[in-house]
Structure formats: structure tokens, C-alpha cells
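A, B, ... follow the sequence lines: proteins, then strands. Residue 1 opens every chain.
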Protein chains: 2
Amino acid sequence: MHLKTQQQSSILRVLAHLGRPVTPQELLEAASADSPGLGQATVYRALKRLVETGEVRKIEVAGVSPHYEMERGNHHHFFVCESCQKMFELDGCPGGFRKLLPPGFTMSSHEVIIYGTCQSCAA
Amino acid sequence: MHLKTQQQSSILRVLAHLGRPVTPQELLEAASADSPGLGQATVYRALKRLVETGEVRKIEVAGVSPHYEMERGNHHHFFVCESCQKMFELDGCPGGFRKLLPPGFTMSSHEVIIYGTCQSCAA
DNA sequence: CGCTAATTGAGAATTGATTCTCAATCGGAA
DNA sequence: TTCCGATTGAGAATCAATTCTCAATTAGCG
């Protein structure tokens, strides 16, 4: 997409720098350093466009509100810290899901979410 | 819990009979046959109590609104049909999730959701 | 039966996430 | 620069799920 404004480029840059799935609220707070006075509507508008162009992915998992992360094309899953509620990307995938399907069912995608305690909270 | 009223026992009985995760709305419609005039608030109140006592489990996965199912103590995961939006239980679990964890992270639980087409919709 | 506390149904209210409205401001082509 | 369409911020509005309010009804002890 064209990054026509300072706000839009701040939002995308900050999202890329955070390097993990974040909520629109976290993103607003982080990007406000770059763009003082940034409004939440602008964050939502930017995220919506970025999701539509495939540059950003919206992640919805039970227990936490929706998060967004840069789409980097690598298949991965997620970890949710039950202590700080932060979400992390997990590399790799155990596979073997197709064998769980009952007869006649077909799989188009799958998701794995692991809940637990992150390194910071465990310390 | 004590099933003090006709409504409460209808709700639990119907939920058990449906045999798969259902939405409060589906449950309301199904249980209305047993208890005419049943209100949605009553369904939500009953589900809330049943979840608190551990008899029922609330399932939240991306793409569909919250579903509820009887807690039967068997570890399993879920299938969501992208065509009819219905949710099904999948027996078994591939395991091997712990090896996805980064150092210092601990796992307390996990969830697997498979998206695709169910047998009815594939036919 | 008679009574009181608990439960119910209907609709209003709340909640959290997200979108809309609109006047003010910005970006960039001429 | 000048101008116009696009973008922005603030707050109102929406949306779906769920909870609350309250008067009417029900359960079941005495």
C-alpha cells in the first residue's frame, strides 16, 4: 500500500519493530511516540487496510483480545502468557493434524495455541 | 448443581443430547421445544452456573461466536466448518507441542483448531 | 394449602471492540 | 503557493455477546 501519511508509516514501522502480535491499543501507545496525538480510529483504519493488502494478519485466539502481526509468510503458531497476556510467535509445527479428521471432513487450515507462562513472567 | 427448575433441566438435557459444541442461541432454540417461552437470559444464566461448576465448558475460537459443550473429561480439540459454521469435537491429539516452546517458557495447556469442510457440507 | 425466597422472561443496559461522522488538517499535483 | 480530495482525531454510534432490572411466576418447606 502507499504510505501516504506520517501516521500510516509510523504505525507500520512500529508494528514491524515490535516483532510480535500486538493489540491495536498497544500499537496506538507505541506509535504515539512517533506520531503524537495519534487517534485509535487511525490505528484501526491502518490495520484494516494492511490486513486487506495482506501485509498484516489479524490473530484471534480465546482468552485475549484480537492481536495483529506483520505477515511474513512463515507458518507458525502462538503462545499466550496467562500472566501478562502477551502473545508470542512460536516457530515450527508438529503437524499430523489430518489424522484427527473424521471421515468425509477436509482440512483447509489449522491453528495451535499454547497457553502458559512466558520467560519474563516465569523469572 | 441442583436442577431446581424445569428450564434448567431442559437446558442441560438438550445440551447433552446435542452432543457437540453449540451456541447459546442454538441451545435456546433447541431447549424451547422442551420449555416453551424460554428466555435467552435463562440460557445464559444456566450456562454460567454450569461453567462455574465445571459441568460445561465454554469454547472460544477464532471465526465463530462462543460455543458451549458438556465437559466429559476427555482431552480433545475442535473442527470448525467454514461452510456451515458448525463446530465439532475431534478425538485425539498429535502431542509434541512442548518442543515448540522457547527457552524459559512453560506450557499449561494447549488448543488445536482445524478449519475446513464438514462431511455434510462436502457432500 | 400458604408463604417467602429463588427463578424467570422481556427488554433495557453494559461491555469491549470496532466503525462512523464530520469538521479541521494534510499531501501533493498544477 | 493554491486548491481539492484524502486523511485525521474526537467522540458518537454500532455491533454482538452477555448481564442486569424488575415485575410476575414458581418451587418446595412448614
Side-chain angles (χ1 to χ4, degrees), chain A residues 1-15 21-53 55-69 78 80 82 84-87 113, chain B residues 1-15 21-53 55-69 78 80 84-87:
Chain A
M1 78 181 282
H2 290 207
L3 295 176
K4 294 175 180 152
T5 67
Q6 192 217 338
Q7 287 89 336
Q8 286 174 31
S9 57
S10 291
I11 289 168
L12 187 55
R13 178 157 20 85
V14 168
L15 182 57
V22 294
T23 60
Q25 187 56 38
E26 286 180 286
L27 186 52
L28 170 62
E29 287 158 17
S32 290
D34 271 36
S35 298
L38 184 66
Q40 59 164 233
T42 302
V43 173
Y44 275 104
R45 279 187 284 239
L47 287 174
K48 188 177 186 182
R49 274 174 271 185
L50 291 163
V51 168
E52 282 165 0
T53 63
E55 290 168 88
V56 166
R57 179 176 165 206
K58 179 178 186 178
I59 301 145
E60 299 172 85
V61 312
V64 294
S65 52
H67 285 58
Y68 294 80
E69 73 167 357
F78 302 98
V80 176
E82 294 170 319
C84 67
Q85 314 296 118
K86 281 201 178 70
M87 184 177 288
I113 305 113
Chain B
M1 76 180 285
H2 289 206
L3 294 176
K4 293 173 181 154
T5 67
Q6 192 218 339
Q7 287 89 335
Q8 287 175 30
S9 56
S10 291
I11 289 168
L12 187 55
R13 177 157 22 85
V14 168
L15 182 57
V22 293
T23 59
Q25 187 57 37
E26 287 180 284
L27 186 52
L28 170 61
E29 286 158 17
S32 289
D34 271 38
S35 297
L38 184 65
Q40 58 166 250
T42 302
V43 172
Y44 275 104
R45 279 186 286 238
L47 286 174
K48 187 176 186 183
R49 274 173 272 184
L50 290 163
V51 168
E52 283 165 0
T53 63
E55 289 167 88
V56 166
R57 179 173 165 209
K58 180 178 186 177
I59 302 145
E60 298 172 85
V61 313
V64 294
S65 53
H67 284 59
Y68 294 80
E69 72 165 358
F78 302 99
V80 176
C84 67
Q85 314 295 117
K86 282 202 177 70
M87 183 177 287

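Taking only side-chain atoms of B/R49, from C-beta outward, the nucleotide of C/dT18, C/dT8, D/dG9 with the closest atom is C/dT8. Listed nucleotides: D/dA6, C/dC20, C/dT18. Nearest to the side chain of A/P24: C/dT18. Nearest nucleotide to the A/K58 side chain, out of C/dT18, D/dT19, C/dT7: C/dT18. Side-chain atoms of B/R45 lie closest to D/dT21 of the nucleotides D/dT21, C/dA6, D/dT18. With D/dT8, D/dT18, C/dC20 as the choices, the nucleotide that has an atom nearest any side-chain atom of B/P66 turns out to be D/dT18.
Residues A/T23 and A/Q25 bring no donor and acceptor atom of their side chains to less than 3.5 Å of each other.
Neither OP1 nor OP2 of D/dA27 sits under 4.0 Å from any side-chain N or O of B/K4. Checking the phosphate oxygens (OP1, OP2) of C/dT8, a side-chain nitrogen or oxygen of B/Q8 falls inside 4.0 Å. Distances shown here put a side-chain N or O of A/T42 below 4.0 Å from the OP1 or OP2 atom of D/dG9. Between D/dT8 and A/T5, a contact under 4.0 Å exists linking OP1 or OP2 to a side-chain N or O.
Between the CD atom of B/Q6 and the C1' atom of D/dT25 there is a distance of 13 Å, given to the nearest Å. Rounded to an integer number of Å, the gap from B/Q40 CD to D/dT19 C1' is 10 Å. Going from atom CD1 of B/I11 over to atom C1' of C/dT7 covers 11 Å, rounded to whole Å. For the pair A/L38 CG and D/dG11 P, the interatomic distance rounds to 15 Å; values are reported in whole Å. To the nearest angstrom, P of D/dT18 lies 14 Å from CD of B/E52. Rounded to whole angstrom, the span from the CG atom of B/L47 across to the C1' atom of D/dT18 amounts to 11 Å. Remark: P of C/dA17 and CG of A/L27 are 15 Å apart, rounded to the nearest angstrom. C/dG16 atom P lies 12 Å from atom OH of A/Y44, rounded to whole Å.
Between A/Q7 and B/Y68, it is A/Q7 whose nearest contact on DNA chain D lies nearer the 5' terminus. Along DNA chain C, the nucleotide closest to A/S65 and the one closest to B/G39 are compared, and the more 5′ of them pairs with B/G39.
Here the side chains of A/L27 and A/L47 are in contact, with some heavy-atom distance below 4.5 Å. Residues A/R49 and A/Q8 have side chains in contact (heavy-atom distance under 4.5 Å, counting atoms from C-beta outward).
At least one donor-acceptor pair closer than 3.5 Å links the side chain of B/T53 to the backbone N or O of B/L50. A side-chain donor-acceptor contact under 3.5 Å links B/Q6 to the backbone of B/D34.
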